[in-house]
Each structure stands twice: as C-alpha cells, then as structure tokens.
**Q** 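Dropping the structure in here first, questions after.
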There are 2 protein chains.
Amino acid sequence: MAHDDLPHGTLTCGECPIRHRAVCARCEPTELGELERIKYYRSFEAGQTVIWAGDQMDFVASVVSGIATLTQTMEDGRTQMVGLLLPSDFVGRPGRARAAYNVIATTDILMCCFRRKPFEDMMERTPHLAQRLLQMTLDELDAAREWMLLLGRKTAREKIASLLSIIARRDASVNMMPSIGRMSFDLPLTREAMADYLGLTLETVSRQISALKREGVIELAGKRHVTVPDMDRLMFEAGDDSDGGLVG
Amino acid sequence: MAHDDLPHGTLTCGECPIRHRAVCARCEPTELGELERIKYYRSFEAGQTVIWAGDQMDFVASVVSGIATLTQTMEDGRTQMVGLLLPSDFVGRPGRARAAYNVIATTDILMCCFRRKPFEDMMERTPHLAQRLLQMTLDELDAAREWMLLLGRKTAREKIASLLSIIARRDASVNMMPSIGRMSFDLPLTREAMADYLGLTLETVSRQISALKREGVIELAGKRHVTVPDMDRLMFEAGDDSDGGLVG
DNA sequence: CGTAATTTTGAATCAAATCAAGAAGGGTGG
DNA sequence: CCACCCTTCTTGATTTGATTCAAAATTACG
C-alpha cells in the first residue's frame with residue numbers, strides 16, 4: 001500500500017510537505033483553517049486513472065506526493081501528454097464542471113482535494129488564493145510554450161535531451177542541488193509515456209536514448225536510472241540557448 | 001497610417017472596443033479611473049517587432065486592434081509560434097521584467113499599455129484585475145494544450161484543417177455568427193507564419209492547402225480569402241472530436 | 001510596367017514511423 | 001530458488017510523410 005506515512009485525513013496543513021509551494025502557499029492561518037474544513041485526501045495507485053476527460057469533476061486538488069500526467073487523446077488512439085503533475089501542482093479548473101483532460105497516476109499518488117463549489121466561493125473572497133493560482137498558471141503557461149517549441153521544432157534527439165535535462169534540473173531543484181557537472185536521477189516515466197510527452201513513438205525514444213548512451217552523453221544503470229556525466233553537454237544536445245533562461 | 005480612427009491617448013475606457021473582454025473587464029468605474037491614469041497607447045505597423053525576447057519590458061498591455069504573434073526562436077533560426085494575440089489579449093507578465101518571447105505585429109496594431117510597476121501594485125489591491133487575468137490565463141493554457149496535441153500528434157493535413165477551423169470559428173464568434181455550414185474568412189497569416197504556427201515548413205503548408213482546395217474541402221479567392229463549403233467536413237479533416245468541446 | 005516578395009509546384013532526400021522479432025527485466029507461483 | 005509469463009524495452013528492416021533544394025508562377029507594389 002502506498003503512503004502509509006501520510007495517513008489520509010489526518011494530515012494538517014501545518015505539517016503538509018507542499019504547504020509552501022501549492023495553491024495555498026500564500027494563505028494565512030485563518031484561510032488555511034477554512035481550507036482545512038473543505039479538504040479531503042484521496043490516493044491512487046500507479047497506473048490508475050484519476051479522471052477521464054469529459055467526466056464530471058466536483059473537486060479541484062493539489063498533488064501532495066507522486067506523479068501524474070495530463071493527456072489528450074484523439075479518437076483513433078493517438079495521445080499527447082499536455083501536462084506532467086508533480087507534488088504541489090494543481091489539478092482542475094475553478095469554474096469548470098467537467099475535466100478537460102485525462103489525469104493518470106504514473107506512480108502511487110496522494111492528492112489533497114477541495115470540493116469545487118466551496119473552493120470557488122472561497123477564491124472569490126480570498127485574493128491570496130487567486131493570486132497564487134495565477135502565478136502557478138502563468139508558470140504552467142510558460143512551460144507549455146517551451147514544450148510547444150520542443151514539439152514543433154526539435155529533432156528526436158533534441159527532444160530526448162531536453163526531457164532528460166528537464167527531469168535532471170527538476171530533481172536538482174527538489175534536492176536543493178546545483179544542476180551542473182555530473183548528475184544522477186531516476187526516470188519517472190516509461191518509454192511510452194516519454195513518447196507521449198515528446199510527440200514520438202516509443203521505438204524512436206528507445207533508439208535515441210541508446211544513441212545518447214553510445215556516445216557517452218548519458219550512462220544507464222538498468223532501464224530507469226540515468227547518469228549525466230556533463231550537464232553542459234546534455235544541454236547542448238537539447239538545442240537550448242546556453243544562457244540559463246527565465247526566472248519563475 | 002494606421003488607426004487614425006483610434007487617436008492615441010484620447011480613447012477613454014468607456015469607449016474602448018475591448019472593454020468587456022480585456023484584463024479590465026471586471027473592473028468598476030473607480031478601478032477603471034485608476035487604470036486610466038497609468039495607461040498609454042502605442043501603435044505598431046505590420047511587420048514591426050514590438051518586443052524582442054530578453055528585452056527589458058517596463059509595461060504590460062492589451063491588444064486593442066490588430067493581430068500580433070508570440071514566437072520563440074532557436075539559435076539556428078528555427079522558430080515556433082507559441083501565441084497568437086488578438087484584440088483583447090494580454091501581453092506581458094506581471095512580476096517579470098524581461099520579455100520571454102518575441103512579439104511581432106502581423107497587421108497594424110494598437111496596444112493599450114500600462115506601466116508595469118503601477119499595474120503590479122494595482123493588481124495586489126484589486127482582486128477584479130487578478131481574477132480576470134487568471135481566467136484569461138487559464139483559457140490561454142487550454143489553448144496551448146490543444147495546440148500541443150496538434151504539434152505532437154497531428155498530420156500536416158490535419159494541422160492545416162485545424163488552423164483553418166480555429167480561424168473560422170474565431171471569426172464567427174467575433175461576428176456573432178454560428179460556425180456551421182458554409183463560411184468565409186480572410187487568413188490573417190502568411191504561409192510562413194502558418195508554418196511557424198503549425199511546426200511545418202511553408203512548402204508543406206502550401207501543398208496541403210492546395211490539396212484541400214483540389215478536394216473541395218476549401219475554396220480560395222486570391223491567396224488569403226478562404227471559403228469553407230461545409231464546416232463539418234473541415235472539422236472532420238482536422239481530426240477533432242465531433243462534439244463541440246469545452247466552454248470557456 | 002517592372003521588380004521584389006510571396007506562393008506554388010516538382011524532384012530528391014531524409015528523419016521518424018511502422019512493422020516485426022527478440023531481449024531483458026520483474027513479479028508470481030510451483 | 002528457479003521456471004515461467006507478462007510487460008517493457010531494444011534493435012532491425014522497410015516505408016512513408018515531410019523536408020530540402022530548386023525553379024517557376026503569381027501577386028503586390030512602387
């Protein structure tokens with residue numbers, strides 16, 4: 001069973017691991033108390049579908065732990081990932097009754113859910129909530145636009161290198177490490193999920209990972225553990241501008 | 001010269017054509033007065049660059065009339081459009097001092113600019129502004145995710161059909177017409193801009209437009225005026241789900 | 001009316017997809 | 001503990017859709 005260390009319903013906002021990054025980050029103690037009253041926890045196992053696109057959605061939520069994906073599907077089954085949800089990320093849209101995307105748990109996942117109507121009401125009254133959600137949404141929009149450049153203009157090799165460097169840097173930021181020089185991390189996605197992220201087939205993903213390994217850009221231990229001997233080299237392969245980019 | 005009908009600096013919020021859709025849509029008369037004091041108008045001619053990515057940006061703005069694009073560029077010149085700015089759309093990000101993308105005027109354009117610092121200060125105090133900007137940003141994020149599916153998984157033919165149906169439907173909504181049956185509209189983009197939108201080359205854009213014309217999905221009068229005899233047929237070619245999709 | 005910019009079309013090439021086996025893990029039950 | 005199965009991943013051969021390179025046609029414009 002997942003998350004026995006985070007017993008459902010007994011976690012208070014004060015002890016919440018994502019307290020300072022989630023939609024509630026700017027809330028004051030009184031406001032937290034109000035959230036506390038409308039919140040409840042739900043957990044899903046790896047592989048489970050949290051919500052289907054088009055389904056009634058009577059809650060919004062924060063990812064507390066684990067990873068989920070947002071995907072869009074065409075009738076013939078082609079699927080494109082359009083969001084990767086990490087701890088502290090927000091799911092759902094205030095004011096929208098139906099889910100726009102499929103949400104699928106990639107790992108075991110714990111979500112802090114708020115009943116939608118009370119949450120919407122509270123947003124009207126609580127600028128701190130709306131302000132934080134705005135900031136998070138603007139960040140997501142920036143990420144989506146970076147992703148659009150990747151999907152529209154990068155080669156398969158550049159796409160893989162970009163994804164690896166995104167994961168490496170995210171991992172470093174969580175662990176408060178600098179993302180330079182030699183780095184190691186686990187891939188949280190299967191080859192197929194990577195393909196859906198990058199707009200490729202899983203065979204192409206596999207081939208390009210093999211190529212980067214063969215050329216020493218990365219090292220693999222098992223299928224999932226990656227070591228990058230030189231981040232600069234990886235960033236170069238990703239085709240990104242060398243300068244650090246934007247600040248949040 | 002452009003926009004002699006909208007003399008700079010003399011337009012009041014009360015007579016503004018985008019008043020009800022822009023970031024100020026929810027503002028009350030007092031709040032409008034406050035915006036009025038920090039706003040100024042700037043116009044750009046078709047083809048002009050409004051801002052370069054990385055440039056200092058000491059204002060945010062609403063597009064009053066005309067069309068602009070948001071683009072990202074790689075060092076070797078590959079470019080991807082990541083936003084299409086229409087009247088009432090918002091440019092810039094509160095809290096960010098440097099532009100993240102190139103903004104280029106596609107047609108002659110008029111923008112209602114607000115000095116950034118006063119605007120940010122006002123946002124802190126004015127929930128109506130933050131709420132409206134949140135709503136607009138969530139809409140943009142949805143559009144970006146639809147766009148990601150297009151870039152990652154659609155064929156060239158589907159991409160073109162999708163773009164045409166997006167433009168057709170936008171045009172219809174501006175003119176308060178239903179977007180069914182027979183429709184006519186002008187393309188606001190060159191073949192190259194369409195290619196940058198769709199992640200294709202301009203040759204492929206041209207070929208696919210020719211193919212759709214040959215097969216009677218569209219009719220062309222000149223290079224830019226398009227007639228769609230049957231919107232359902234076009235939607236089918238776009239590969240989108242037949243159901244209408246989401247509401248804003 | 002001529003010149004530049006944009007668009008169309010053609011032919012050749014190429015990167016990624018598709019089709020098709022195998023190999024490598026990872027977990028289960030005998 | 002090992003044999004087996006199922007999923008995930010890798011690799012190979014071939015096809016294909018889109019790009020690239022090249023030239024002609026159309027349109028816009030001074």
**Q** Between P on dA15(C) and NZ on K159(A), what's the gap in Å once rounded to a whole number?
**A**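 For the pair K159(A) NZ and dA15(C) P, the rounded distance is 14 Å.
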**Q** One thing to verify: whether R21(A) and D89(A) come together as a salt bridge, which I'm taking to mean a side-chain N less than 4.0 angstrom from a carboxylate O.
**A**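 No, D89(A) and R21(A) are not salt-bridged.
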**Q** Touch check for I209(B), heavy atoms < 4.0 angstrom, all strands: base, sugar-phosphate only, or nothing?
**A**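 Nothing, no nucleic acid heavy atom in range.
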**Q** Heavy atoms of chain A, cut-off under 4.0 Å: which first and last nucleotide of DNA chain D, 5' to 3', fall inside that, if you could look?
**A**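 The footprint of chain A covers dC9(D) to dA13(D).
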**Q** Please state how far atom CD1 in I160(B) lies from atom P in dT7(C), giving the value in whole angstrom units.
**A**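 From I160(B) CD1 to dT7(C) P: 12 Å.
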**Q** If the threshold is 4.0 Å, N to carboxylate O, is there a salt bridge linking D139(B) and R93(A)?
**A**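 Looking at D139(B) and R93(A), the cut-off is met.
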**Q** Okay, side chain of R98(B), backbone of G54(B): is any donor-acceptor separation there less than 3.5 Å?
**A**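 Yes; at least one donor-acceptor contact below 3.5 Å.
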**Q** Using a strict cut-off of less than 4.0 Å between a Lys/Arg side-chain nitrogen and an Asp/Glu carboxylate oxygen, indicate whether K213(B) and E219(B) qualify as a salt bridge.
**A**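 Result for this pair is no, no salt bridge flagged.
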**Q** Once you round it to whole Å, what is the distance between P of dG22(C) and CD of E203(A)?
**A**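 The answer, rounded to whole Å, is 16 Å.
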**Q** To the nearest Å, give me how far apart CG (L187(A)) and P (dG25(C)) are.
**A**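 Between P of dG25(C) and CG of L187(A): 15 Å.
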**Q** G222(B) or R157(B): which one's nearest nucleotide on DNA chain D is closer to the 5' end?
**A**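 In this pair, the answer is R157(B).
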**Q** Let me spell it out: for each of L202(B) and Q208(A), pick the nucleotide of DNA chain C with the closest heavy atom. Which residue's pick is nearer the 5' end?
**A**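 Between the two, 5'-proximity favours L202(B).
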**Q** For S206(A), report the nucleic acid contact type (base, sugar-phosphate, nothing); a contact means any heavy atom under 4.0 Å.
**A**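 Base: the residue S206(A), judged by heavy atoms under 4.0 Å, touches a nucleobase.
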**Q** From the list dT8(C), dT18(C), dA17(C), which nucleotide is the closest neighbour of the side chain of T204(A)?
**A**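 Taking heavy atoms from C-beta onward, the closest nucleotide is dA17(C).
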**Q** Rounding to an integer number of Å, can you tell me how far K223(B) NZ sits from dA5(C) C1'?
**A**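 In whole Å, dA5(C) C1' and K223(B) NZ are 12 Å from each other.
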**Q** Just checking G47(A): base, sugar-phosphate only, or nothing, at a heavy-atom cut-off of under 4.0 Å?
**A**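 The answer is nothing, as G47(A) stays clear of every strand by at least 4.0 Å.
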**Q** If you define the side chain from C-beta out and look only at heavy atoms, does anything of S184(B) sit under 4.5 Å from V228(B)?
**A**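 No, side chains not in contact.
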**Q** Relative to the 5' end of DNA chain D, which residue comes earlier, R153(A) or E192(A), by the nucleotide with the nearest heavy atom?
**A**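 The residue whose closest nucleotide sits nearer the 5' end is E192(A).
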**Q** Could you tell me if S210(B) and R214(B) have a donor-acceptor pair between their side chains, going purely by distance under 3.5 Å?
**A**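 S210(B) and R214(B) do not have a side-chain donor-acceptor pair below 3.5 Å.
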**Q** Relative to each other, are the rings of F59(B) and Y40(B) parallel, tilted or perpendicular (30° and 60° limits)?
**A**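 F59(B) vs Y40(B) ring planes: perpendicular.
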**Q** So what does T201(A) touch, heavy atoms closer than 4.0 Å: a base, only the sugar-phosphate, or nothing?
**A**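 Answer is base: heavy atoms of T201(A) come under 4.0 Å of a base.
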**Q** Is R224(B) touching bases, backbone alone, or none of the nucleic acid, heavy atoms closer than 4.0 Å?
**A**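 Sugar-phosphate only.
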